[in-house]
Amino acid sequence: MRAAIFHHSYEPLSIGNVPDPAVGPHDVLIAIRTCSLCHTDMQFIDQGMAPNMKPPIILGHEIAGVIEEVGSEVKKFKPGEPVIVPATITCNQCLACKSWNETYCENIRRIGIDINGGFAEYIAVPDFHPYRLPHEYEFEVGSLISNLLIGAYHLAFDRVNIRAGEKVVIFGSGGFGLSILQMAKLREAQVYMVDIFDWKLSEAKRLGADAVLNSNKVPVCEEAVQDMLGGKADICIETIGAPRTLMQAINSLKKGGRLVLSGYSENPLPFLIGRIIHNEISLIGAEGAPRRKIPEVIHLLEDGKINIANLVTKRFNLDNINQGISTQRMGQTIRTVIYPFGLKAKREQESQ
Ligand SMILES: [Zn+2]
Ligand SMILES: [Zn+2]
């Protein structure tokens with residue numbers, strides 16, 4: 001199959017042929033129609049690998065596709081069914097999985113980090129893992145659900161438990177920030193967005209942000225945030241993983257506030273422990289989401305409670321993935337989607 005292979009950080013992915021994935025008796029083989037490019041992929045390419053990563057590896061964990069082939073013991077799926085592939089494969093066996101805390105699974109395998117991911121034509125996963133994509137949704141929507149939307153849902157409702165009237169500042173108006181914004185608005189929070197691109201901030205405004213701030217256009221970000229809020233924030237959510245925005249986030253929090261870290265990074269925290277203690281700040285990490293959040297997100301889409309119409313702003317064939325990566329790097333896109341079988345596959349889907 002064709003695949004984009006990650007060998008080292010700081011260099012382009014190499015496009016080439018690799019063996020098709022092996023399909024065990026309990027596995028399904030999925031032909032990948034869409035895989036969106038995530039901030040986490042960009043971190044590995046531009047900032048360095050995660051510990052335990054063993055290149056060469058195929059990145060990409062926001063996958064939707066069609067069942068191509070099933071293992072001899074598989075009863076649950078048939079070839080031709082459209083599916084969402086959640087970003088982490090959990091074991092269903094350990095105490096965490098059995099107690100509905102799958103994000104803490106002891107045997108978790110992260111697609112595109114621990115095992116090969118979606119910037120390729122095919123992936124094989126255990127048959128309990130994929131989730132049926134309702135026929136009315138495009139594959140791109142499946143990709144957005146697989147990680148971004150369920151991740152935002154898990155962050156806002158499970159990890160942070162945002163409450164009505166709370167002042168929430170989100171640093172980063174990318175796909176994840178804009179998804180969290182919408183979840184926070186469902187809780188009737190006051191939501192403020194900070195970014196360095198006006199066009200992304202106008203999207204945030206359109207999606208219901210109470211006010212927005214371009215931190216490149218003000219002398220001191222923290223002061224401008226305080227002016228915008230008329231005080232300090234109850235919750236600051238950092239989606240970028242950069243030391244500068246982490247500092248801005250902690251400086252914008254009121255005493256007793258919650259600092260939420262969700263932008264993947266290998267950097268150490270850029271502030272003193274005393275800041276956390278003195279101000280009684282709660283630090284909350286959030287990554288991914290259990291697979292069972294998918295139906296909840298599908299309900300929100302069905303009810304028109306969240307708007308994803310403008311989240312995908314660029315599309316590329318697999319052979320042009322490095323071009324897609326550079327649009328992401330330059331801040332020219334919200335979500336970029338890669339089409340392993342070509343953009344032609346999208347047009348055929350649209351004409352059906
Ligand atoms: Zn992701
Ligand atoms: Zn487990």
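Counting convention: from 1, in listed order, for ligands and their atoms alike.
The angle subtended at the Zn ion (ligand 1) by SG of C38 and NE2 of H61 is 100°, given to the nearest 10°. Centred on the Zn ion (ligand 2), the SG atom of C97 and the SG atom of C94 lie at an angle of 110°, reported to 10°.
In E62, the N, O or S atom that comes nearest to the Zn ion (ligand 1) is OE2.
A donor-acceptor pair shorter than 3.5 Å cannot be found between the side chains of E102 and Y104.
Side-chain N or O atoms of Q47 include none that pairs as donor or acceptor with a backbone N or O of F44 at under 3.5 Å.
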> Between E238 and T245, does a side-chain hydrogen bond (donor to acceptor under 3.5 Å, both in side chains) hold up when you go through it step by step?
Replying inline: CA-CA 7 Å; E238 207 279 345; T245 39; 2.4 Å; yes
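For the pair I63/I84, no side-chain contact is recorded, criterion being any heavy-atom separation below 4.5 Å from C-beta on.
Counting backbone and side-chain atoms alike, N147 contributes an N/O/S atom closer than 2.8 Å to the Zn ion (ligand 1).
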